[in-house]
Amino acid sequence: MKKLLPVVFLLIGLGAGIGAGVVFAPSGEPKEAAKQEKPKAKAEKTKEKSAKKKDIAGKKDTQSDYEYLKLTKQFVVPVVDADRIAALVTMSLSLEITPGMTEAFYALEPKLRDGFLQVMFDHANTGGFDGAFTESDNMSVLRKALLETARKDLGDDVFQVLIMSVNRQDV
């Protein structure tokens, strides 16, 4: 009898599972109705998304108007005070460019990095990374200088330099 008890419980559990599956199985009608509603729902969602983009941007720009390229490595800039390194600033940058400039960007990336580092060193030497260095005035001065440097190498295909992250670590 003890050996038969697990088999009985197994059969009861199997029967209960099959019964629950039959009782709670979805009928065929909702699947067909869902198939008919999907194209309409997708079209409405697409219209809503495009309307939201226009509202947010305030323009008729589409995603294909710009391409965003991230510079592969972070920039590390020392902040010198009284002839010693007082802090290190790390920054990650991306560029907003016209589509199709990817190859030109990666071909010139070493030159761009050199120019960007020089701008950041100058910014650090003039006190740009001291105190409240993330104030919008300080960041806009840095962005403008970085944009000028990017446009020297890539031309007017660069629309904006985006500062993705900035961190200062006192030494």
Looking only at atom types and distance, does a side-chain atom of N125 sit under 3.5 Å from a main-chain N or O of F121, one as donor and one as acceptor?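 Checked: pair present.
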Between the main-chain N or O of Q160 and the side-chain N or O of R143, is there a donor-acceptor pair closer than 3.5 Å?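 No, the answer is negative, given that no donor and acceptor are paired below the 3.5 Å cut-off.
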Apply side-chain contact (heavy atoms from CB on, under 4.5 Å) to the pair L69 and Y106, showing each step before the final yes or no. CA-CA 9 Å; L69 296 176; Y106 286 116; 4.3 Å; yes
On the ring face of F75, is R113 found with NZ or CZ under 6.0 Å from the centre and within 45° of the axis? yes
Could you verify whether a donor N or O on one side chain and an acceptor N or O on the other, from E96 and Y66, lie under 3.5 Å apart?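 Result is no, nothing qualifies.
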Derivation of the salt bridge (Lys or Arg N to Asp or Glu O under 4.0 Å) call for D153 and R151: CA-CA 5 Å; D153 295 328; R151 284 186 173 170; over 6 Å; no
Less than 4.5 Å apart, any side-chain heavy atom of [X] and any of [Y]?
{"X": "L93", "Y": "L162", "answer": "no"}
{"X": "V166", "Y": "F133", "answer": "yes"}
{"X": "L95", "Y": "L154", "answer": "yes"}
{"X": "T149", "Y": "K111", "answer": "no"}
{"X": "Q74", "Y": "M91", "answer": "no"}
{"X": "L112", "Y": "F105", "answer": "yes"}
{"X": "F129", "Y": "N138", "answer": "no"}
{"X": "L14", "Y": "L10", "answer": "no"}

Show the nearest heavy-atom pair for residues P78 and A124, with the distance to one decimal. O-CB, 3.9 Å
Where do D122 and Q118 land on the side-chain hydrogen bond (donor to acceptor under 3.5 Å, both in side chains) test, with the steps shown first? CA-CA 6 Å; D122 293 342; Q118 187 59 54; 3.1 Å; yes
Point-to-point distance, once rounded to the nearest 0.5 Å, from OG of S94 to CD of E67: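 So the OG of S94 and the CD of E67 are separated by 11.5 Å.
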Roughly how far, to the nearest 0.5 Å, is CG of D156 from OG1 of T98?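 That separation rounds to 10.0 Å.
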Are there over 12 heavy-atom neighbours, none belonging to D81, within less than 6.0 Å of that residue's CG?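 No, not enclosed.
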Suppose clustering is done on Ile, Leu, Val, Met, Phe, Trp and Tyr with side-chain heavy atoms closer than 4.5 Å. Which residues sit in the same group as L88?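 Members besides L88, by chain and number: V76, I85, V171.
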In chain order, what residues pass the side chain to side chain donor-acceptor pair (under 3.5 Å) check against E109, with sequence neighbours excluded?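 Side chain to side chain donor-acceptor pair (under 3.5 Å) check on E109 returns T72.
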